[in-house]
4 protein chains.
Amino acid sequence: MTETADTQPGWLAPEELESVRGRMPVLYVQAVPVRVDEAGQVTHIGLLLRATPDGSFQRSVVSGRVLYHERVRDALLRHLEKDLGPVALPRIPGSPQPFTVAEYFPTPGVTPFHDARQHAVALAYIVPVSGDCQPRQDALDLVWFTPEEAASPQLREEMTGGQGVLLRQALAYVGHAP
Amino acid sequence: MTETADTQPGWLAPEELESVRGRMPVLYVQAVPVRVDEAGQVTHIGLLLRATPDGSFQRSVVSGRVLYHERVRDALLRHLEKDLGPVALPRIPGSPQPFTVAEYFPTPGVTPFHDARQHAVALAYIVPVSGDCQPRQDALDLVWFTPEEAASPQLREEMTGGQGVLLRQALAYVGHAP
Amino acid sequence: MTETADTQPGWLAPEELESVRGRMPVLYVQAVPVRVDEAGQVTHIGLLLRATPDGSFQRSVVSGRVLYHERVRDALLRHLEKDLGPVALPRIPGSPQPFTVAEYFPTPGVTPFHDARQHAVALAYIVPVSGDCQPRQDALDLVWFTPEEAASPQLREEMTGGQGVLLRQALAYVGHAP
Amino acid sequence: MTETADTQPGWLAPEELESVRGRMPVLYVQAVPVRVDEAGQVTHIGLLLRATPDGSFQRSVVSGRVLYHERVRDALLRHLEKDLGPVALPRIPGSPQPFTVAEYFPTPGVTPFHDARQHAVALAYIVPVSGDCQPRQDALDLVWFTPEEAASPQLREEMTGGQGVLLRQALAYVGHAP
């Protein structure tokens, strides 16, 4: 799963985290940033653009670990701020019920989701953002797509590890045709 | 179900609506207005206060019919504006998935919900509002309660037709103890 | 929306129903029949095959009206029995929360769903069936598809009125890639 | 959170698990076993009865860890079999969407859920069981309650760590008055 470095120190040293990653599932949150109109209809979906070590590009939603003693909603807020900047004004959902749970397995094919490094289980939420987004850290850009563009096969190819599936699940959840 | 008069003319004359009400289920939307903090946590629930013809008071959520050729999200927006005024700034959910479906039967006891006038089926949503609420029409007031206050037995007694159940379902959905 | 004739008399005479259909939204239920394995994973999706008046074929999920004084779960059970026969053993969900609400408008393009006859609002549910399905009435057959087959563009073309969108939303909801 | 010993060895030695428990959130599943009627309506809720070390009794839902490289649905199945025996015939939900996410914090008061040993995040599901339940391991009994009994204040006092809240959230989700 694409993920930027944590902006605040984790409660596990890096080598400990690596060790744990091979032995228990790691809890993640994932947020699909959206623009909505006055009636709540999703008009655009925001995807981060990143350069990969091999020189290609990939698109992704906002993702990150839930830390020890951190609420899921605080983890969402932290990762959204980390990836979209301090004035994105995300509206974290009132309910803890995610629209789906994405299970990233180190072995491909167990589920539609894959993460070579670890077994990660991600609670996925739609998050309307109304402010100005300034991608930070290793993201090159945040690009807004219409639901039709987001459902295109081309975009799907630019997302790895099953995030294209997650994006289509998000589109389905907000009433669009994936 | 408590409901104010429609502010825009329906597509059915009043006597026709009365006739239909006794012969097919009528589609409603219900919205539980909430205040949320930066992390999306619900801090307050808003309930309308109304005087009943017999001189007592009752509290209710925002309710109203879905009209012909009206989207559910537009019906939500219309009834929220009708009951909370034009500057309440409601955030209609992005997904059409309601947190529950409340079935109001003219016969008490079929479900926890009862409406002597009709068989109404209501799609229920949590709607954060960030603006200034000015109850209009026949509502005397909009009062904000903490989740603890909203879960109290006393408040439950001030809600009729099963709306106390709906309120508790809303509290449960946003992670509070009903 | 494809729909078989009601097996029990409605509470509205046909001409009355026609009249109402042009003036208020009509409440429907839709059920996507699925086969599941021991762990609840959906292995197959069942679609009805029908001949249309113009001699072509189309596939659809189970659909039908909610009658006056009928619970949503009883309407689901009635339409499933009507379309799949008496020994399909459907497992109606415990929660009234639908996976989506599909709004069929008489005007194309308002939502992804279209029904020339009426404004229908359908509560959509996934329904595992474990018994033997014997399509009745005007359905020629019930065909089971794997999730991969169900997501194919070809199948989508055989579904009208937006039911292909509903099918993809159902696939997304049960964790598959639509 | 009440939990029986794992019936199959975890991928972490006990002392390692203790160490990790203090430093990252641990992923759990929780299942509320229910009996349903033909129309899917929940008629009874099953709660495990256990003796505590101090000689009192407490009631709980089915709970347990998700292991490394185990799907959420397989963890549900494993813990249900562990607690209810091999012929309970649980019907694991088709969708990975939980009805809520319960966050058990080692510090009381952060959320309604508390677990002195660890920070556990539980995906909670309603699971209809149709077979014969034979509680195993350290559970004394599995007792079935009507929704009205399950909502009683007395029962709430017999559940610890916030499981009474989870039970009420489950009742709300299946359409009952908590």
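Lettering follows sequence order; numbering is per chain, from 1. Worth knowing before you read on, the calculation uses all heavy atoms, side chains too, and leaves out hydrogens, waters and symmetry mates.
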Under 4.5 Å from a heavy atom of chain B, the part of Ser95(C) involved: neither
Can you say whether Phe113(C) sits under 4.5 Å from chain B via the side chain, the backbone, both, or neither, judging by heavy atoms? neither
Does any part of the side chain of Val101(C), heavy atoms only, come nearer than 4.5 Å to the side chain of Val101(B), both counted from C-beta? no
Quick one: closest heavy-atom pair of Pro25(C) and Tyr68(B), and the distance? CD-N, 3.6 Å
Could you tell me whether Gln154(C) atom CD has more than 12 heavy atoms of other residues or ligands within 6.0 Å of it? no
So, for Val72(B) and Glu103(C), which heavy atoms are closest and what is the spacing to 0.1 Å? N-OE1, 2.7 Å
Starting at CZ of Phe99(C), measure out to CD of Gln97(B) and round the result to the nearest 0.5 Å. 9.5 Å
Top of Thr100(B), Thr107(B), Leu123(B) for chain C proximity - count of heavy-atom pairs under 4.5 angstrom: Thr107(B)
Between NE2 of His119(B) and CZ of Arg71(C), what distance do you get to the nearest 0.5 Å? 10.5 Å
Greater than 12 external heavy atoms within 6.0 Å of Glu38(C)'s CD: no
